[in-house]
There are 2 protein chains.
Amino acid sequence: MRELAPYLRIKEDLLDRVRSGTWKPGDLIPGEQRLAEQFGCARATVHRALRELAEEGVLERRRKAGTRVARPTSRSVAFDIPLVEDEIRATGARYHYELLEREIAPLPPAEAASLERATGTPALHLRCLHFADRRPYQLEDRWIDIDTVPEAVDVDFAAEGANGWLVHNVPWTDAEHSIHADLAAGEIARSLNLTDGDPVLVVERRTWNDKGPVTTVRFHHPGRSHRLRTAFVAR
Amino acid sequence: MRELAPYLRIKEDLLDRVRSGTWKPGDLIPGEQRLAEQFGCARATVHRALRELAEEGVLERRRKAGTRVARPTSRSVAFDIPLVEDEIRATGARYHYELLEREIAPLPPAEAASLERATGTPALHLRCLHFADRRPYQLEDRWIDIDTVPEAVDVDFAAEGANGWLVHNVPWTDAEHSIHADLAAGEIARSLNLTDGDPVLVVERRTWNDKGPVTTVRFHHPGRSHRLRTAFVAR
DNA sequence: CAGTGGTCTAGACCACACT
DNA sequence: GTGTGGTCTAGACCACTGA
């Protein structure tokens, strides 16, 4: 396919009309039938181009009402949140992992709420430290639901990180993420080799299964040095 | 369409086989032809289901090699970064905007690098404060490239925020985002009604046009109270 | 080289939502 | 009611890539 596929050429063409302002937000654009005639192709081909542009948020389509240029409102931004070890190795640094703590303990209120269990329900609690070239890179504080994932109790997590083990052994179906900034203090500061009062970037994640809540985890990163990035994204 | 469209039913069916572990990561699954026979539909219908699952990162497809269950590696997480005013109004709070500063000034080194211009190139510098119910919600520090967007020089930005004006008037084609944590200090702390040393969440964005760099902007949020969230996302 | 996925077509039927 | 988008089909050709 030396030349672009027709539906891709049509996408580009339509996108250019939006980008150049030929078609402005809110404008009604020609129907599929009409565009198919103009481009000299089947309606299905135009349809695919239009459908993908709508999925990307460039157009809005409604039956009978036709297709309009979307009014730019919110735009979703996709961040890659890979396994820490992959992330670290991708930078060329040596990855190293340390298990700080592993216990079955009663869920504290926040984590209980997160897993939708009663406070005090026993769960598997892990604290791990991930190093890049011997420098602390990420502190992981995780609770695993032992009702949903009973087999986790028999894993010692000394060699493989909990994240890796879960990803490879316990498929999840749903996830929720949250990001905020906080200050390093006590344990967290010491583990990350920071001073009390240094900024930390906190990423929280909860995942679910068909069976129920799987895990809730908080990742702490040194705030100034660590960045979450998107790739350079063409719209 | 009371019942799910066939291609959606097929997607669900295939996804279930992955989720349940019937098909494990790395497994080769039947070809389109074969699946079409099994589901009793046209190959194109199966193709669409497979293509969408591949786009979602569940499957990996290669010509001749066939379709395999993807090995879970990095997973991209989509955050919504809407216009502040929409974000604030969505919570039911009253939105209010204040222009703190507007000047044509030479680009500082960091911003110059960001816009791919020489340090000291004149650009439009804006500092704005966004309020939710009279409480400072976000501090915006923006540089607009006046070579790419000369018409911005004639806008006073007293009424409409720069973000809104740009979104509605200057279509962008590419964007890059970065998130990190920092400490409030000086101006930033005062504007956001924080104390020096409080955590702030910083979101940086750069956008481009066909014509060149459009704008680079840094959004500061009170770190403890503000969170970037994903919706509850089913995979 | 051969098999797989990628795409296109022409025609068809349908659901939905405006009028 | 009626026009628009949403989907399916059957068949076809092609490009890529692994064997």
Side-chain angles (χ1 to χ4, degrees), chain A residues 1-18 22-71 73 234, chain B residues 1-18 22-71 73 234:
Chain A
M1 213 163 293
R2 192 85 31 199
E3 304 152 2
L4 238 42
Y7 87 93
L8 287 174
R9 289 190 22 71
I10 293 173
K11 261 182 87 169
E12 281 305 315
D13 191 312
L14 299 176
L15 191 48
D16 274 345
R17 299 191 205 179
V18 173
T22 307
W23 290 339
K24 294 194 186 331
D27 282 1
L28 187 64
I29 76 174
E32 296 187 351
Q33 189 67 47
R34 189 141 173 55
L35 286 172
E37 287 161 18
Q38 288 177 14
F39 285 110
C41 67
R43 184 169 76 98
T45 306
V46 165
H47 174 75
R48 178 159 181 196
L50 290 171
R51 174 164 49 80
E52 294 198 355
L53 286 172
E55 278 167 6
E56 291 163 22
V58 176
L59 302 177
E60 280 175 359
R61 320 196 70 196
R62 286 209 312 268
R63 285 167 151 119
K64 172 66 183 176
T67 300
R68 294 175 179 278
V69 178
R71 298 178 188 282
T73 55
Chain B
M1 212 164 292
R2 191 87 30 202
E3 305 151 1
L4 240 42
Y7 86 93
L8 288 174
R9 289 189 21 72
I10 293 172
K11 260 183 87 170
E12 281 305 315
D13 191 311
L14 298 176
L15 191 47
D16 275 345
R17 299 192 205 179
V18 173
T22 307
W23 290 339
K24 294 196 185 331
D27 282 1
L28 186 65
I29 76 175
E32 296 188 351
Q33 189 66 49
R34 188 138 177 59
L35 285 172
E37 286 161 18
Q38 287 177 16
F39 285 110
C41 67
R43 183 170 79 98
T45 306
V46 165
H47 175 74
R48 178 157 181 197
L50 290 171
R51 175 164 49 80
E52 295 197 355
L53 286 172
E55 278 167 7
E56 291 164 21
V58 177
L59 301 177
E60 280 175 358
R61 321 196 69 195
R62 285 208 313 266
R63 286 166 151 120
K64 173 68 183 175
T67 300
R68 294 177 179 277
V69 178
R71 298 180 187 282
T73 54

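Residue numbers begin at 1 in each chain, while the letters A, B, ... track the order of the sequences.
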Do B:Arg43 and C:dG6 share a donor-acceptor pair, side chain to base, under 3.5 Å? yes
Whole angstroms only, please: what is the CZ-C1' distance between A:Arg68 and D:dT4? 12 Å
When rounded to whole Å, the CZ to C1' distance for the pair A:Phe39 and C:dC8 reads 16 Å
Using OP1 and OP2 only, check whether a side-chain N or O of A:Arg62 sits under 4.0 Å from C:dC18. yes
Rounded to whole Å, please give me the gap between CZ in B:Arg34 and P in C:dT4. 11 Å
Under 4.0 angstrom, heavy atoms only, what part of the nucleic acid is A:Ala44 near: base, sugar-phosphate, or nothing? base
Round to a whole Å and report the spacing from CD of A:Glu32 to C1' of C:dC16. 14 Å
Counting heavy atoms from C-beta on, name the nucleotide in C:dC18, D:dG6, C:dT7 closest to the side chain of A:Pro6. C:dT7
Does a side-chain heavy-atom distance below 4.5 Å link B:Val69 with B:Lys24? no
side-chain N/O B:Thr67 vs C:dG5 OP1/OP2, d < 4.0 Å: yes
Return the value, rounded to whole Å, for the distance between atom CG of B:Leu4 and atom C1' of D:dC8. 15 Å
With a 3.5 Å cut-off and heavy atoms only, can you find an N or O donor on one side and an acceptor on the other between the side chain of B:Arg63 and the base of D:dA15? yes
Any side-chain N or O of A:Thr45 less than 4.0 Å from the OP1 or OP2 oxygen of C:dT7? no
Among C:dG6, D:dT9, C:dA10, the nucleotide that comes nearest once only the side chain of A:Ala42 is considered: C:dA10
So, is A:His47 close to the D:dG6 phosphate, meaning a side-chain N or O under 4.0 Å from OP1 or OP2? yes
Please tell me which of the listed nucleotides, D:dC8, C:dG6, D:dT17, lies nearest to the side chain of B:Lys64? D:dT17
Whole-Å distance, B:Glu60 CD to D:dG18 P, equals 13 Å
Given that A:Ala65 and B:Ala65 both sit by DNA chain C, which one's nearest nucleotide is further toward the 5' end? B:Ala65
So, are B:Arg51 and B:Glu32 salt-bridged, with charged N and O less than 4.0 Å apart? no
Would a 4.5 Å heavy-atom cut-off, applied to side chains only, mark A:Leu59 and A:Trp23 as touching? no
Any A:Tyr7 side-chain N or O less than 4.0 Å from OP1/OP2 of C:dC8: no
Sidechain-backbone polar pair: B:Arg68 side chain, B:Gly26 backbone, donor-acceptor under 3.5 Å: yes
Roughly how many Å is it from CD1 in B:Ile10 to C1' in D:dT9, rounded to a whole number? 13 Å
Using 4.0 Å as the upper bound for N to carboxylate O, is an ion pair formed by B:Arg17 and B:Asp13? yes
So, does A:Arg61 use its side chain to make a donor-acceptor pair with the main chain of A:Thr67 at under 3.5 Å? no
Can you figure out which of D:dT7, D:dA10, C:dC18 approaches the side chain of B:Arg48 most closely? D:dT7
Base-pairing mate for C:dG11 - Watson-Crick or G-U, with both contacts under 3.5 Å: D:dC8
Can you check the A:Glu52 CD to D:dT7 P distance for me, whole Å? 13 Å
Just N and O in the side chain of B:Arg61: are any of them under 4.0 Å from OP1 or OP2 of C:dT4? no
